[in-house]
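Below, each value reflects all heavy atoms present in this structure, side chains not excepted, and no hydrogens, waters or symmetry copies. We name chains A, B, ... by the order of the sequence lines, and we start the count at 1 in each one.
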Amino acid sequence: MDDVRNPDRELVDAVLAGRPGAFERLIREYQGLCWHIVQRMVRNPEDARELCQDTFLRVHQCLHQYRYESALKSWIGRVAYTIALRHLQHKRIPLVEPGDDHDGYALIENVSDGFDLEGACADEETARHLHAAIESLPPLQRTVLTLYYLEETSIPDIARITGLASGTIKSHLFRSRLRLRGVLEARTGVAA
Amino acid sequence: MKQPIDDGISPFDDASHEREWLIQERAMRRERLHLDAAGDDARTRRYRLLARALRQPPPDGLPADFAQRVAARVTAAPATFRFESLLMTSLAIALGVAALVVIGIYGSQWLPSFSAMLPAPRGPAGSWLLAFAGCVGASWLLGQWQRHGRR
């Protein structure tokens, strides 16, 4: 992060110098990431919009504390995650499900075949079922999956955003995917 | 952020879990690259279907003018802040003047008892107090200088 003219530094310098349009540019750049984190954590769209606004107000307030130790994306993601986490704690919504450690492990040795990928994709009922299963995951697992697949964030960067160890993130990804595969197999049949 | 998929994270202790993890990763990579699913087994295809679902953005995004509105709110804030700090400064000055007036009128009655309680400036406690104040002042000045340097 010592690159003197990296885009993060240019943008941060412009915002700190109060250059017109700089903060709006920063918001445009990272509002998608913020929405993906906050929406996946809290789910309620009204609350999510308000929390996204709080995130960028906090970013503006604390940007002078950013030390370029991680990418700006990770730093802003961390702010969004922390704000959403406090909201969940305030509403007493658990971040992870207690006791789901061995969820679906039996599936690992399950050898299936004959799955029609394009057919299942075209099947609206299967898609609806799968999206419902994703929504039913605990907030942390939903968020980690979204960061990994949609934002294409690496495991170390997800660890920076969530403040968890990389091994923990890997474990969450593994178990969530296994659980969702189980949902799919229950829907489409093991040997369809 | 296009990152390598395997970032050198430690493998699972259980070999079957690690095998399954690698299948999950391979399916994600193949789906990301839009590779033909013809050669994939059923397990990989299911994970690819999962990847397709997870790559769809969540519904009800932020309004189109979100960035503009939040930025406008932030730029409007300094005017309010200026008024607030002006008000606070005026009140602080009024408080200070009132305190001086009170000391001037009633100070002779209770100031001597307070000065008796304070440590003598030339005594050991007084030197430590001065050293402590010096440290606090130096740290504050250093912080201000660093912040100014960053801007």
Quiz item: When rounded to the nearest 0.5 angstrom, what is the spacing between CG in B/Leu50 and CD1 in A/Ile134?
Solution: 6.0 Å
Exercise. Count the heavy atoms of every other residue, nucleotide or ligand shown that sit under 6.0 Å from CG of B/Asp13, and state whether that count exceeds 12.
Key: no
Practice problem: Pick whichever of A/Leu26, A/Leu57, A/Thr146 has the most heavy-atom pairs under 4.5 Å with chain B. | Solution: A/Leu57
Quiz item: Looking at B/Pro58 and A/Leu150, what are the two nearest heavy atoms and their distance?
Solution: CD-CD2, 3.7 Å
Exercise. Output yes when B/Arg55 and A/Glu151 qualify as a salt bridge under the 4.0 Å nitrogen-oxygen rule, no when they do not.
Key: no
Self-check item: Expected output: side-chain A/Gln39 to main-chain B/Gly61 donor-acceptor under 3.5 Å
Solution: no
Quiz item: In Å and rounded to the nearest 0.5 Å, what is the CG to CG distance from A/Leu145 to B/Leu54?
Solution: 5.0 Å
Quiz item: Side chains of A/Tyr149 and B/Arg32: closer than 4.5 Å at any heavy-atom pair?
Solution: no
Quiz item: Hey, is CZ on A/Arg58 packed in by over 12 heavy atoms from elsewhere, all under 6.0 Å?
Solution: no
Self-check item: Distance (rounded to the nearest 0.5 Å) between A/Phe174 CZ and B/Asp14 CG
Solution: 8.0 Å
Quiz item: Between B/Glu18 and A/Lys170, is there a salt bridge with N-O shorter than 4.0 Å?
Solution: yes
Quiz item: Is A/Tyr81 linked to A/Ile93 within one hydrophobic cluster, defined over Ile, Leu, Val, Met, Phe, Trp and Tyr using a side-chain heavy-atom separation of less than 4.5 Å?
Solution: yes
Quiz prompt | CZ on B/Arg69 to CZ on A/Phe56, rounded to 0.5 Å | solution = 13.0 Å
Practice problem: Please answer: with hydrophobic residues joined when any side-chain heavy atoms are less than 4.5 Å apart, are A/Leu95 and A/Ile83 in the same cluster? | Solution: yes
Quiz prompt | Verify same cluster id: B/Tyr106, B/Ile103 (apolar side-chain graph, 4.5 Å) | solution = yes
Quiz item: Passes side chain to side chain contact (heavy atoms under 4.5 Å, CB included), B/Gln56 versus A/His131? Steps please.
Solution: CA-CA 10 Å; B/Gln56 285 172 15; A/His131 280 288; 3.1 Å; yes
Quiz prompt | Within-4.5 Å side-chain heavy-atom neighbours: A/Leu178 and B/Trp21 | solution = no
Self-check item: Ion pair A/Arg177/B/Glu20, N-O distance below 4.0 Å
Solution: no
Quiz item: In the single-linkage hydrophobic clustering (I, L, V, M, F, W, Y; side-chain heavy atoms under 4.5 Å), do B/Leu35 and B/Leu22 co-cluster?
Solution: no
Quiz item: Looking at CG of A/Leu184 and CZ of B/Arg45, how far apart are the two atoms once the value is rounded to the nearest 0.5 Å?
Solution: 13.5 Å
Quiz item: Side-chain heavy atoms under 4.5 angstrom apart, residues restricted to Ile, Leu, Val, Met, Phe, Trp, Tyr: same cluster for B/Leu130 and B/Phe132?
Solution: no
Quiz item: So how far is it from B/Arg52 CZ to A/Leu130 CG, rounded to the nearest 0.5 Å?
Solution: 12.0 Å
Self-check item: Residue pair B/Leu49 / A/Thr126, side-chain heavy-atom distance below 4.5 Å
Solution: yes
Quiz item: Side chain, backbone, both or neither: which part of A/Gln53 has an atom under 4.5 Å from a heavy atom of chain B?
Solution: both
Quiz prompt | Which portion of B/Ala64 sits near chain A, non-hydrogen atoms under 4.5 angstrom | solution = backbone
Quiz item: Is A/Glu24 close to B/Val70 at the side-chain level, that is, under 4.5 Å between some pair of heavy atoms?
Solution: no
